[in-house]
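Please read the structure below before turning to the comments.
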Amino acid sequence: MKIVVIGGTGLIGLKTVAILRQGGHEVVAASPKSGVNTITGEGLKEAMAGAQVVIDLANSPSFEDKAVLEFFETSGRNLLAAEAAASVRHHVALSIVAIDRTDNGYFRAKVTQEKLIAASSIPYTIIRSTQFLEFLRGIADSSADGNIVRLPPVLFQPIAADDVAAIVAAVALAAPRNGIVEIAPERAPFNEIVARYLKAVGDPREVVRDREARYFGGRVEERSLVPLAEVRLGRIGLDEWLRRSQTQA
Ligand SMILES: NC(=O)c1ccc[n+]([C@@H]2O[C@H](COP(=O)([O-])OP(=O)(O)OC[C@H]3O[C@@H](n4cnc5c(N)ncnc54)[C@H](OP(=O)(O)O)[C@@H]3O)[C@@H](O)[C@H]2O)c1
């Protein structure tokens, strides 16, 4: 089966492409680096020719509110139009748990991306993942003031990129659900997970439990970042992920 992975050079894209190729599929790892650009439209028609499944794992180069919204809106429109013209049978996209219950600029852009998909004529599956374990440093940096990292003690359930890629590949090979699948593994307070992570990687910053601390500028409550249902998809918890990262380093 021919599968196009948009953002096939990214964190999740690289891993997903490898899994699908191991399964014997013809996989196009599409991104600006390989001449496929969902913003300018360059290379899209050629990449789509004969494809049955398209997996959108692209990400905006800028996370600034306006730039990220423009990215997911334009990219989504161009990509879905090219897929419709090529009669693609399944569009898979990676989104984020709780984007419609928690407010920040990046989440608003992902809501727009999801709406475009649901309104298109192409059968689809949206996978809503929690934050990647690989993103913990970025989260700590975004919440840091000097040596202090302020985080609210709300529930947090980060997932390893290896788990995400395995689930994305499996979903892409299954029938479209025309709906949303949520994925998330081990659950614990946000500040505790980031504190455990910083300690394990030898980062001296202190994590402070602060009910008023925001997440990328948005206010979060107890269940703002986790699935509302008891979802436990993903086998790799923080300790196992740290062990694997340290073995690979
Ligand atoms: N971070 C999280 O915790 C989290 C959680 C849940 C879901 N997600 C979602 O997961 C998805 C993948 O994230 P990631 O961290 O794997 O991304 P990433 O590592 O930042 O990779 C981004 C990919 O997008 C490609 N790209 C950028 N501009 C493009 C364009 N104009 N046309 C086509 N491709 C373009 C890049 O290509 P080049 O290499 O050529 O630049 C790269 O392959 C994103 O949609 C994100 O919203 C993230």
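As the structure lists them, so they are numbered: ligands from 1, and atoms in each ligand from 1. It should be emphasised that the depicted structure is a prediction, and the values quoted were computed from it without experimental measurement. Positions are given from 1, in the same order as the sequence printed here.
Within the structure, the ring pair (Phe, Tyr, Trp, His ring centres under 6.0 Å) test picks out the following pairs touching residues 156-180 (sequence neighbours left out): F156-F190.
Ligand-side atoms of ligand 1 in range of F71: 28 (N), 29 (C), 31 (N), range being under 4.0 angstrom from any heavy atom. Which parts of ligand 1 touch Q131 is read off a 4.0 Å heavy-atom cut-off, strictly below it: atoms 3 (O). Residue Y106 has at least one heavy-atom neighbour below 4.0 Å for each of these atoms of ligand 1: 46 (C), 47 (O).
Contact annotation for E134 and ligand 1: no heavy atom of the residue comes within less than 4.0 Å of the ligand. The residue T40 has no part lying near ligand 1, judged by heavy-atom distances below 4.0 Å. Counting heavy atoms under 4.0 Å from ligand 1, residue D56 does not touch it at all.
Protein heavy atom nearest atom 10 (O) of ligand 1, with residue, atom name and distance: L94 CD2, 3.3 Å. Nearest protein neighbour of atom 27 (C) of ligand 1, counting heavy atoms only, is N59 O, 3.3 Å. Atom 31 (N) of ligand 1 has N37 OD1, 2.9 Å as its closest protein atom, hydrogens excluded (heavy atom only).
Of the possible polar contacts, none joining the D103 side chain to the G218 backbone as a donor-acceptor pair under 3.5 Å is found. For Q52 (side chain) and K2 (main-chain N/O), a donor-acceptor pair under 3.5 Å exists by modelled atom type.
Under the 3.5 Å distance criterion, with hydrogens and angles disregarded, a donor-acceptor pair is assigned to the side chains of E114 and S95. Between the side chains of D56 and Y124, not a single donor N or O lies within less than 3.5 Å of an accepting N or O.
The option from G35, A93, S31, P32 that lies nearest to atom 35 (C) of ligand 1, judged by heavy atoms, is P32. The option from F132, F72, F135 that lies nearest to atom 8 (N) of ligand 1, judged by heavy atoms, is F132.
Where the criterion is an N or O separation shorter than 3.5 Å, residue side chain and backbone included, T9 meets it with respect to ligand 1. Geometrically, ligand 1 and I96 share no nitrogen or oxygen pair separated by less than 3.5 Å.
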Indicate every side-chain donor-acceptor pair of residues 82-92 with a distance under 3.5 Å to a residue at least two apart or in another chain.
residue : atom : partner : partner atom : Å
E83     : OE1  : H91     : ND1          : 2.9
E83     : OE2  : H91     : ND1          : 2.8
H90     : ND1  : A174    : O            : 3.3
H90     : NE2  : T125    : OG1          : 2.8

